[in-house]
Amino acid sequence: MPPWAWRMGGVVAEGRPPACAIQVLGRPMESLPDGLFIPPDALEVFLEDFSGPLELLLWLIRRNRMDIRDIPVAEVTRQYLRYLHEARRRNLELAAEYLLMAAWLAEIKARMLLPAPVAAEDEDLDPRLELARRLEALALVQGQTAALNALPQAGRDFWVVRPVAHHALPPTLPQVALTDVVHGWRQLLLDPPRKPLPVHTLTSAHMGLRQRMVVLLRICRRKSRPCLLAELLPPLADRLALAVSLLAILELLRQQALALVEHESGGWRVAVMNERTGGSG
Amino acid sequence: MRERLLALLLSSGEPLSSDHLATVFGDDPDFAGWEAALDALLTEGYGPLQLVFVAGGYRLRIHPCHNTLLARLHGGTPRSLSKAALETLAVIAYQQPVTRPEIEQRRGVALSAQILQQLQERGWITVAGHRETPGRPALWVTTPEFLEHFSLVSLESLPVVQTGNGGVHRDSPQDAAG
Amino acid sequence: MRERLLALLLSSGEPLSSDHLATVFGDDPDFAGWEAALDALLTEGYGPLQLVFVAGGYRLRIHPCHNTLLARLHGGTPRSLSKAALETLAVIAYQQPVTRPEIEQRRGVALSAQILQQLQERGWITVAGHRETPGRPALWVTTPEFLEHFSLVSLESLPVVQTGNGGVHRDSPQDAAG
């Protein structure tokens, strides 16, 4: 398996070469693979796939089976720079962070060359510590990502039941007891409205609906031709009389005593229902 | 085969057409007879599920016999009926068939269409026809669901409200109501 | 009773908790024994249906024996998340509540707003508030939908990932991470 292949699945944990199991103090038992061979297309994959310099570094450390807490800085730096160099040679755009990381590595390397101050046994003074912390944090995130991705996922490992439709549901019934209805009725019987609603019974002479219907029908018969609506409405009438006339016409239409007929000049006329207009009613 | 068909339908958020199902099943002999299984599902359903053909495809639906229960899950909290709605229901129950103007007259206030609609949505009242007078007003009556909800055998078993002579009001179940 | 319970579960797009079911059933004697029916469903399923306890409630799934067929219907592989998005989700899941700068620090790389938006659109993360520090950065947390999608009962059931020394972080012995 080429060294970059396990990266290409998009999932961090999958396809990790099984050879990594054997380690002694961060040094593998077998010989190191030819770590610095960079396959032709790998770099582009790397730069696209690697989230940043820290990840590239972590990947290098792992591929060399190094111990995060005891990084051979010089070797890692050398490899890291090789990748950067190769990337530049191919005119790949490198984010500034990659160069920043290179600077950091160089700084660590330099500090490690300095003579250790007194009480340098203290681990806290190891210049690699901060880098190790950050690499471990990233390694943890990667582990968690792999663990998350290994969980059964909807649409991949199982399918949920989509909510099944149902008929229109009866609305939640109000909390009403029969006694409430009975009580309501009793109240209405006991306390009839003091002031009944005005009821429009249309009894007065000029408003009588039935009377108006008769009049209208007579007018239509007399004209013996289809009439415009305006011709049928009483002239100079008040709003109520107009409304009653209109209602009367509608009622006559509904009872099919009158009919709407289309006029040659366009528009509609009202006509008495007979053999001639019968078809168009 | 029926279970496989159900698995497909249950996992799909939209109706599946015969063509779509045919594509999924292909002519794999394992899936032979899916059409027959589909027909069986259409007629028999499966537990609380019904299969219906809508919008050019097959979709599952929960049998309406579970509606009341589903309403408890999906419906809001039940509210009580407003006084206006209650009185309207009372007038319709005792005076049916009755028109809207008659209800208004009885209650002495105008009746909003909303109240009738609300009662209609509850399934308690319905229009039984129209009075043959100008305007043909709708005639409102109570429904069988109304009787059922209030555990009434028939309209005759509505409690009698007597206003008698000076206000003796008594509920006597055996007497006929107004 | 089993069918009634199924009707409820089938009509619901999200897990139903025991408490919710108890509210729906009330202490109506008609629904007595729904707990037993629930247990039976959990162990036996119902045809192609499987009942699981996830995200704090009960949810129906299609039995995995139908997975091959379902993959045919729903089309091969689901659109998978980018590595960056998955890592971001992992950080949020394990470290919540967490701010964007904190996510960036853990991953060692800048985080595009697009990734947060993408995860939010899937309904897996949401803003739970703001850290009361200068800038009031948003605090990201995962949603119940996240739990449901990843088959988790609760956040406590996220797999434990240990930081061994030497940088090999394992979820389980055969599952070397990173």
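All values below were derived from every heavy atom in this structure, side-chain atoms included, with hydrogens, water molecules and symmetry-related copies excluded. Quantities reported herein were computed from a predicted structural model and do not represent experimental measurements. Naming: A, B, ... by sequence-line order, numbering from 1 per chain.
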Peer 1: With a 4.5 Å cut-off on heavy-atom pairs, point out which of C/G108, C/S11, C/A110 contacts chain A the most.
Peer 2: C/S11
Peer 1: Do the side chains of A/E86 and A/R82 get close enough for a salt bridge, i.e. N-O under 4.0 angstrom?
Peer 2: no
Peer 1: Could you tell me whether the side chains of C/T143 and C/E145 share a donor-acceptor contact shorter than 3.5 Å?
Peer 2: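 Result is yes, a qualifying pair exists.
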Peer 1: Checking heavy atoms, do the side chain of C/L158, its backbone, both or neither come under 4.5 Å from chain A?
Peer 2: side chain
Peer 1: Are C/E148 and C/R61 ion-paired here, with the side-chain N under 4.0 Å from a carboxylate O?
Peer 2: no
Peer 1: Verify whether one side chain among C/E156 and C/S154 offers a donor that lies under 3.5 Å from an acceptor in the other.
Peer 2: yes
Peer 1: With a 4.5 angstrom heavy-atom cut-off, which part of A/E97 approaches chain C: side chain, backbone, both or neither?
Peer 2: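 Side chain of A/E97 only, per the 4.5 Å heavy-atom cut-off to chain C.
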Peer 1: Kindly assign one of parallel, tilted or perpendicular to the pair C/W124 and C/H149, based on the angle between their ring planes and the thresholds 30° and 60°.
Peer 2: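 Ring orientation, 0 to 90° scale: tilted.
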Peer 1: Could you tell me which of C/N67, C/L89, C/I62 has the largest number of non-hydrogen atom pairs under 4.5 Å with chain A?
Peer 2: C/N67
Peer 1: Taking A/L138, A/I71, A/V161 one by one, which has the highest count of heavy-atom pairs under 4.5 Å against chain C?
Peer 2: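 Between A/L138, A/I71, A/V161, the count favours A/V161.
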Peer 1: Heavy-atom distances under 4.5 Å only: say whether C/R59 touches chain A with side chain, backbone, both or neither.
Peer 2: side chain
